[in-house]
Amino acid sequence: MSAVSIQAVTKIYPGHGRRDAPVLALDEVAFDIADREFCSIIGHSGCGKTTLLNMLAGFEQPTAGRIRVNGEAVGRPSWSRSMVFQDYALFPWLTVRENVSFGLEMKKVPPAERRAIVARQIRLVGLEGFEDRYPHQLSGGMKQRVSIARALSVDPHVLLMDEPFAALDAQNRALMQQEMGRLLASADSAARKTMVLVTHSIEEAILLSDRIVVLSSRPGRVKEIVTVDLPRPRDEDDPAFIALRRHLRALINEDVSASATAAH
Ligand SMILES: Nc1ncnc2c1ncn2[C@@H]1O[C@H](COP(=O)(O)OP(=O)(O)OP(=O)(O)O)[C@@H](O)[C@H]1O
């Protein structure tokens with residue numbers, strides 16, 4: 001059974017009047033994501049990447065079609081589908097430890113088990129020694145690590161990430177991508193989750209993914225699904241990496257030129 005099954009999903013945002021027509025954001029999108037697979041969704045701006053992720057989380061409902069996670073229809077947001085946001089969404093009044101522990105407290109995990117899970121997640125994201133700091137005392141990269149540790153601590157079936165590194169400066173972004181790549185290459189099963197990443201960065205998608213779903217622009221349809229069969233950690237100078245980047249860039253550029261032609 002696939003961890004995530006997206007079956008003929010269409011999303012129409014209703015309009016609110018003559019000047020605000022309904023938007024067909026996604027049109028019969030269908031693909032599966034295997035257990036523990038890292039799947040990225042890329043495509044031109046406005047192709048419906050965030051809409052799809054929000055439906056996986058249960059923040060939005062499809063207009064037609066079905067989404068199943070671990071065999072169950074996605075209803076309301078749930079612990080089993082954790083989301084990492086671009087702006088971290090940490091509680092500013094809680095320390096690193098308390099932020100990571102928050103979901104476990106809500107789930108009523110006993111204190112001893114909670115402490116062990118929090119310590120493991122903090123170690124996993126390299127934040128040992130920073131447990132008692134507050135978010136405002138951390139860099140952007142560190143905040144995003146807390147956010148990832150918090151999302152993983154509740155042991156979700158699937159980790160959803162919407163442009164998680166986009167707010168970071170180039171250096172921190174590269175560092176986080178490398179660390180995420182290392183996490184994925186590691187044997188620590190606690191880190192191996194089914195992961196879905198929405199990103200604008202083709203390089204980030206190649207660095208991290210097992211498969212990359214390319215959506216066409218407006219309405220979003222599956223244009224191609226590319227398997228990334230490269231050893232980890234990945235090297236951007238590897239000729240196979242470069243060839244894949246060229247292929248993905250061409251797929252996305254095709255769409256940009258098609259929409260530019262349509263607009264004229
Ligand atoms: N709540 C909403 N109401 C109406 N239209 C919406 C809503 N949310 C998104 N849309 C429209 O749906 C389409 C897809 O938007 P979405 O944000 O999912 O795209 P995206 O690929 O994530 O874009 P970007 O890469 O720019 O973040 C766009 O045309 C957008 O304007």
Side-chain angles (χ1 to χ4, degrees), residues 4 6-31 33 38-67 69 74-77 81-89 140 144 147 151 158-168 170 173 176-177 195-209 211-226 245 248-264:
V4 177
I6 299 166
Q7 300 164 5
V9 165
T10 292
K11 177 69 180 179
I12 302 172
Y13 288 108
H16 301 287
R18 245 182 342 134
R19 289 174 167 227
D20 181 22
V23 176
L24 174 60
L26 292 168
D27 187 24
E28 302 223 345
V29 168
F31 62 95
I33 303 174
F38 194 116
C39 178
S40 289
I41 302 170
I42 65 170
H44 193 42
S45 181
C47 70
K49 303 180 290 295
T50 297
T51 298
L52 188 55
L53 205 68
N54 284 343
M55 289 194 292
L56 286 170
F59 301 151
E60 294 274 0
Q61 297 304 317
T63 310
R66 286 202 309 190
I67 301 183
V69 172
V74 168
R76 290 187 307 172
R81 290 169 269 114
S82 290
M83 182 85 127
V84 172
F85 299 93
Q86 181 177 331
D87 63 359
Y88 326 121
Q144 198 51 295
S147 170
V158 53
L159 182 68
L160 307 169
M161 294 178 280
D162 193 1
E163 289 279 356
F165 311 134
L168 304 177
R173 181 172 191 162
M176 284 300 295
Q177 288 167 345
M195 299 199 188
V196 187
L197 169 76
V198 160
T199 180
H200 278 109
S201 163
I202 292 174
E203 289 78 12
E204 185 171 292
I206 305 175
L207 275 173
L208 300 176
S209 312
R211 279 191 313 155
I212 301 173
V213 176
V214 185
L215 293 183
S216 64
S217 11
R218 292 190 215 184
R221 297 189 177 112
V222 176
K223 191 174 169 81
E224 192 168 313
I225 299 181
V226 175
R245 180 166 55 203
L248 290 166
R249 205 170 273 161
L251 279 176
I252 291 177
N253 285 345
E254 236 171 53
D255 257 23
V256 180
S257 357
S259 43
T261 312
H264 282 102

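Whatever order the structure lists them in is the order used to number ligands and atoms, beginning at 1. Throughout, numbering of the chain's residues begins at 1 and tracks the sequence.
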Requested in this report: Identify, for atom 26 (O) of ligand 1, the protein heavy atom at the shortest distance, and state residue, atom and that distance.
Outcome: S45 OG, 2.5 Å
Report task. Give the atoms of ligand 1, by number and element, whose distance to some non-hydrogen atom of H200 is under 4.0 Å. Result -> 24 (P), 25 (O)
Requested in this report: Considering heavy atoms of the protein only, find what lies nearest to atom 9 (C) of ligand 1 and give residue, atom and distance to 0.1 Å.
Outcome: Y13 CE1, 3.4 Å
Query raised in the report: To which protein heavy atom is atom 19 (O) of ligand 1 closest, and what is the distance rounded to 0.1 Å?
Result: G48 N, 3.2 Å
Query raised in the report: So which heavy atom in the protein is nearest atom 17 (O) of ligand 1, and how far is it from that ligand atom?
Result: T50 CB, 3.9 Å
**Report entry** Residues Q177 and E204: side-chain donor-acceptor under 3.5 angstrom
**Finding:** yes
Query raised in the report: Does C47 come within less than 4.0 angstrom of ligand 1, counting non-hydrogen atoms of the residue?
Result: yes
Report summary line: Under 4.0 Å from one or more heavy atoms of A25, ligand 1 contributes atoms 12 (O), 13 (C)
Query raised in the report: Is atom 31 (O) of ligand 1 in close reach of the protein, with a heavy atom under 4.0 Å away?
Result: no
Query raised in the report: Looking only at N/O atoms, are G46 and ligand 1 under 3.5 Å apart anywhere?
Result: yes
Query raised in the report: At what distance is the nearest protein heavy atom to atom 15 (O) of ligand 1, and which residue and atom is it?
Result: T51 OG1, 3.8 Å
Requested in this report: Show your reasoning for whether side-chain contact (heavy atoms from CB on, under 4.5 Å) applies to I6 and L56.
Outcome: CA-CA 9 Å; I6 299 166; L56 286 170; 4.2 Å; yes
Requested in this report: Ignoring angles and geometry beyond distance, decide whether E60 reaches within less than 3.5 Å of ligand 1 through its nitrogen or oxygen atoms.
Outcome: no
